[in-house]
Amino acid sequence: MSLAELLRERPVVQAPMAGGSSTPALAAAVDRAGGIGHLAAGYLAPDAVRDQIRQVREAGAEIFGVNVFVPGPPSDPDAVRAHRLRLESESGRQGAAVGEPVHDDDAWEAKIDLLVEAAVPVAGFTFGCPDAATLARLRAAGTATVVTVTTAEEARTAVGRGADGVCAQGLEAGGHRASFDPVRSGDRPLLDLVDEVVAAVDVPVIAAGGLMTGEGIARVLGAGAAAAQLGTAFLRCPESGANPAHKAALADPAFDRTAVTWAFTGRPARGLVNRFITEHPERPYAYPDVHHMTKPLRAAAARAGDTGGMALWAGQGFRRASEDPAGEVVARLRREAAGAGVRI
């Protein structure tokens, strides 16, 4: 089945959310509900990814995706050193040492080999576009490939290298911006971006960014998208692996807005505005070095339930997230879309 046919049958896509929120249980629940669930390979060792693929298949899931982070260029050592000094105050607050800056490729080659071996239905990519040979290997294994983009230019690059589809990520999206070059990233509202990307490429376009309702899905499908991808809408579901304090924060009136921050990972990402974001307005372009430096600080905050020091990734529509099981969320989205005159 081609990607276009697959998305026609399953236009609701659960976004990959690295760091533990995306679980085999969540991906399987979305699959059973008639959507496309995703596992997030980012930050996981290849053996852990392999185990999650096994779990989601053992749960009976037939259609699911696995998302991989594309390695980036070397970090600026001056930016790394400067941000490490700024993090010392957070170290004292959390009672944990700042981690060592590491510029790794997140086991890129091993993960590509694994996806080819496992012949997963869909492989997605964030932070860049694989080369044509990598995309061809996956296609030969029967895997459809999707590259997340934030500009029409990025979409054209992905299609030129052989991607089967693109995911257009609007500025409303929670978590990391997928820009190939975050310094010159495209910060376009979702509907504007969908218009631009649909006009630029002739492959299926998945729309992502702040979508929380069936009415929102109807709007992006009406704009030409083949499917809609939602992440924050599933964060509070019981199948989600998000930290309980993170789930609670999404419904806490004390958190009333989101903002984009670079300070947690060295790449721009949208989350609930908390103390850490407010106290660290700097923009260090040093990924994944900064991610590794803040990892023990974030872990200590999470253990303590300190939402002021956690990365509370969330899209702009976060207040609509519910505690319903994932299957019920998909069913609600269908009802709402039908009310807006669109069958999904």
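Glu336 and Arg332 are joined by a salt bridge, as a carboxylate oxygen and a charged side-chain nitrogen come within less than 4.0 angstrom of each other. Arg84 and Glu100 are joined by a salt bridge, as a carboxylate oxygen and a charged side-chain nitrogen come within less than 4.0 angstrom of each other. Salt bridge Arg57/Glu62: absent, no basic N to carboxylate O contact under 4.0 Å. Checked for salt-bridge contact, Arg137 and Asp113 meet the test: a charged N lies under 4.0 Å from a carboxylate O. Asp131 and Arg161 are not joined by a salt bridge, as no carboxylate oxygen comes within less than 4.0 angstrom of a charged side-chain nitrogen. Using a cut-off of 4.0 Å between Lys/Arg side-chain N and Asp/Glu carboxylate O, Arg93 and Glu279 are scored as salt-bridged. Taking a cutoff of 4.0 Å between a charged side-chain nitrogen and a carboxylate oxygen, Arg10 and Asp31 qualify as a salt bridge. Salt-bridge formation is not detected for the pair Glu172/Arg188: no Lys NZ or Arg NE/NH1/NH2 atom is positioned less than 4.0 Å from an Asp or Glu carboxylate oxygen.
There is a path of hydrophobic side-chain contacts, each under 4.5 Å, that joins Val201 to Val220. In the hydrophobic clustering of this structure, Met17 groups with Val12; members are Ile, Leu, Val, Met, Phe, Trp, Tyr whose side-chain heavy atoms approach within less than 4.5 Å, directly or through other members. Neither Ile63 nor Val120 shares a network with the other; the hydrophobic side chains, linked directly or stepwise wherever heavy atoms of I, L, V, M, F, W or Y lie under 4.5 Å apart, form separate groups for each. A single hydrophobic cluster is not seen to contain both Val205 and Val146; linkage of ILVMFWY side chains at heavy-atom distances under 4.5 Å, directly or through other members, places them apart. Side-chain heavy atoms closer than 4.5 Å link hydrophobic residues (I, L, V, M, F, W, Y) into clusters, and following such links, possibly through other members, connects Ile277 to Val290.
Using a 30° and 60° split on the angle between ring planes, His291 and Tyr43 fall in the parallel class, below 30°.
Of the N and O atoms on the side chains of Asp324 and Ser322, at least one donor lies less than 3.5 Å from an acceptor on the other residue. When only modelled atom types and interatomic distance are considered, Ser21 and Ser240 share no side-chain donor-acceptor pair under 3.5 Å. A donor atom on one side chain and an acceptor atom on the other are not found under 3.5 Å apart for Thr307 and Asn274. His292 and Asp104 share a donor-acceptor pair across their side chains, judged by distance under 3.5 Å alone.
In plain terms, the two heavy atoms of Gly162 and Leu135 that are nearest each other are C-CD1, 3.9 Å. When all heavy atoms of Ala152 and Glu196 are compared, the closest pair comes out as CB-O, 4.0 Å. Shortest non-hydrogen contact noted between Ala208 and Leu190 is O-CD1, 3.1 Å. Scanning all heavy atoms of the two residues, the minimum distance from Ala326 to Glu239 falls at N-OE1, 3.1 Å. Scanning both residues, Glu154 and Thr151, for their nearest heavy atoms gives N-OG1, 3.0 Å. Nearest heavy atoms, Arg319 versus Asp256: NH2-CA, 3.8 Å.
Taking the side chain as every heavy atom from C-beta outward, Cys237 and Val329 approach each other to under 4.5 Å. With a 4.5 Å cut-off on side-chain heavy atoms, Arg184 and Asp181 count as touching. For the pair Leu7/Ile36, a side-chain contact is recorded, criterion being any heavy-atom separation below 4.5 Å from C-beta on. The shortest side-chain heavy-atom distance between Asp164 and Val203 does not fall under the 4.5 Å cut-off. Residues Val166 and Thr148 form no side-chain contact, since every pair of their non-hydrogen atoms from C-beta on lies 4.5 Å or further apart. When side chains are defined from C-beta on, Ile53 counts as touching Leu39, because their heavy atoms get closer than 4.5 Å. The side-chain heavy atoms of Met310 and Asn243, taken from C-beta on, include a pair separated by under 4.5 Å. A 4.5 Å side-chain heavy-atom check between Arg283 and Val183 finds every atom pair outside the cut-off.
Under the 6.0 Å cut-off for aromatic ring centres, Trp313 and Phe264 qualify, their centroids lying closer than that. Side-chain rings of Phe69 and Phe125 stay apart, their centers remaining 6.0 Å or farther from each other.
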Could you go through the side-chain contact (heavy atoms from CB on, under 4.5 Å) check for Leu272 and Leu250 one step at a time?
CA-CA 8 Å; Leu272 300 178; Leu250 294 168; 4.1 Å; yes
Apply side-chain contact (heavy atoms from CB on, under 4.5 Å) to the pair Asp195 and Leu193, showing each step before the final yes or no.
CA-CA 5 Å; Asp195 284 341; Leu193 180 62; over 6 Å; no
Can Leu333 and Met212 be said to form a side-chain contact (heavy atoms from CB on, under 4.5 Å), step by step?
CA-CA 8 Å; Leu333 295 170; Met212 302 292 292; over 6 Å; no
Apply the test ring pair (Phe, Tyr, Trp, His ring centres under 6.0 Å) to residues Tyr287 and Phe127: give CA-CA distance (whole Å), side-chain angles for both, the deciding distance (0.1 Å), then the verdict.
CA-CA 10 Å; Tyr287 179 89; Phe127 300 158; 5.2 Å; yes
Please report the C-alpha distance between His176 and Thr126 in whole Å, then the side-chain angles of each, then the deciding distance to 0.1 Å, and finally whether the side-chain contact (heavy atoms from CB on, under 4.5 Å) criterion is met.
CA-CA 9 Å; His176 279 102; Thr126 302; 5.5 Å; no
Apply the test side chain to side chain donor-acceptor pair (under 3.5 Å) to residues Asn67 and His38: give CA-CA distance (whole Å), side-chain angles for both, the deciding distance (0.1 Å), then the verdict.
CA-CA 7 Å; Asn67 185 267; His38 265 95; 5.8 Å; no
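Cation-pi contact between Arg267 and Tyr285: absent, since separation from the ring centre below 6.0 Å together with deviation from the ring axis within 45° is not met.
Shown here is Glu153, whose CD atom has no more than 12 heavy atoms of other residues, nucleotides or ligands within 6.0 Å. Residue-environment remark: CD (Glu58) exceeds the threshold of 12 foreign heavy atoms within 6.0 Å. In Arg86, the CZ atom is crowded: over 12 heavy atoms of neighbouring residues, nucleotides or ligands sit closer than 6.0 Å. For Glu323, the CD atom is loosely surrounded, since the number of other residues' heavy atoms within 6.0 Å does not exceed 12. Around NZ of Lys295, the count of heavy atoms belonging to other residues, nucleotides or ligands within 6.0 Å does not exceed 12.
For the side chain to side chain contact (heavy atoms under 4.5 Å, CB included) with Asp289, the qualifying choice from Ser75, Pro77, Pro284, Pro74 is Ser75, the only one to do so.
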